[in-house]
Amino acid sequence: MTFSPPYASPPPRPLVRASDFDYKALAAIYNDTRVDYIVPMPMNAARMQEYVEAYDVDLDASFIAVDVDGQPVGLGMVGIRDQRAWITRLGVMPSQRGKRLGQALMDAMVVAAWGRDCDRIQLEVISGNDPARGLFV
């Protein structure tokens, strides 16, 4: 993966494509990143699959952050329709926050969307989610 300036160094943790995980695992990772989320939205495998299909999530352009032991600690998904992309379901486990994982996930998803010829990338942040706003501003 190539990062453009100002990212002179690789992400702080390895990232793997979300397509390497089944829906059950994706739902578990998602739920683990949302244990303290402002709006509870628990997922199971069936709901995750429905979400991925309904919102055209490209699992090859979506990423999982893993710790040094290879355990998932963060998730970010990208939906793509035509030349428009949107970042969705971005989250990092509470114990792993503050380590630039959210930024690494965002960077990887933006690069992946550009690589799919997207000319617009959107992001929606729930009002009151100040940590997310701080990451994206």
Side-chain angles (χ1 to χ4, degrees):
M1 180 176 308
T2 303
F3 290 85
S4 58
Y7 308 106
S9 62
R13 295 270 199 285
L15 301 179
V16 294
R17 296 197 186 279
S19 57
D20 291 347
F21 295 80
D22 63 21
Y23 290 114
K24 182 178 179 182
L26 290 172
I29 298 163
Y30 170 83
N31 289 334
D32 287 346
T33 67
R34 298 279 189 298
V35 294
D36 61 348
Y37 197 56
I38 192 168
V39 178
M41 295 184 267
M43 286 273 189
N44 59 34
R47 288 186 66 198
M48 180 61 76
Q49 182 173 1
E50 289 171 11
Y51 183 85
V52 166
E53 292 171 359
Y55 292 99
D56 297 320
V57 171
D58 182 338
L59 293 177
D60 287 326
S62 302
F63 295 90
I64 305 295
V66 296
D67 67 13
V68 295
D69 296 320
Q71 296 301 306
V73 295
L75 167 72
M77 294 183 160
V78 178
I80 298 177
R81 288 188 186 139
D82 300 318
Q83 291 181 291
R84 182 174 59 98
W86 57 93
I87 306 298
T88 183
R89 303 300 188 218
L90 179 63
V92 174
M93 290 181 187
S95 65
Q96 299 298 312
R97 293 180 188 154
K99 299 178 182 181
R100 294 184 40 233
L101 294 174
Q103 186 67 59
L105 287 162
M106 281 294 298
D107 293 344
M109 290 182 292
V110 167
V111 168
W114 283 338
R116 284 156 176 76
D117 295 324
C118 292
D119 58 16
R120 182 170 73 178
I121 302 172
Q122 295 174 279
L123 172 70
E124 181 178 282
V125 178
I126 293 174
S127 179
N129 190 346
D130 295 332
R133 288 187 180 279
L135 174 63
F136 307 128
V137 174

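Quick note: numbers below take in every heavy atom, side chains included, and nothing from hydrogens, waters or symmetry partners. Each residue takes its place number in the sequence, starting with 1.
- Identified under the side chain to side chain donor-acceptor pair (under 3.5 Å) test for residues 71-80, with sequence neighbours left out: none.
- Residues passing the side-chain hydrogen bond (donor to acceptor under 3.5 Å, both in side chains) test with D69: none are found, sequence neighbours excluded.
- In terms of the side chain to side chain contact (heavy atoms under 4.5 Å, CB included) criterion, residue partners of V16 (sequence neighbours excluded) are, by chain and number, D20, F21, I64, V66.
- Tracing side-chain contacts under 4.5 Å through hydrophobic residues (I, L, V, M, F, W, Y), one never reaches M93 starting from V35; they form parts of separate clusters.
- I29 CD1 to K24 NZ: the interatomic distance, rounded to the nearest 0.5 Å, is 12.5 Å.
- Q83 pairs by the side-chain hydrogen bond (donor to acceptor under 3.5 Å, both in side chains) definition with nothing, not counting sequence neighbours.
- In this structure, the ring-ring contact (aromatic ring centres under 6.0 Å, His included) partners of Y51, at least two apart in sequence or on a different chain, are Y55.
- Scored by the side-chain hydrogen bond (donor to acceptor under 3.5 Å, both in side chains) test, R97 finds D36 as partners (sequence neighbours excluded).
- For the pair R47 (side chain) and P42 (backbone), a donor-acceptor distance under 3.5 Å is present.
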Hey, mind stepping through M77 and L26 against side-chain contact (heavy atoms from CB on, under 4.5 Å) and telling me if it holds? CA-CA 10 Å; M77 294 183 160; L26 290 172; 4.2 Å; yes

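- Identified under the salt bridge (Lys or Arg N to Asp or Glu O under 4.0 Å) test for residues 49-60, with sequence neighbours left out: D56-R81, D58-R116.
- D32 is linked by a side-chain hydrogen bond (donor to acceptor under 3.5 Å, both in side chains) to nothing, counting only residues two or more places apart in sequence or in another chain.
- Side-chain contact between V78 and F63: absent, with no pair of heavy atoms (C-beta onward) separated by less than 4.5 Å.
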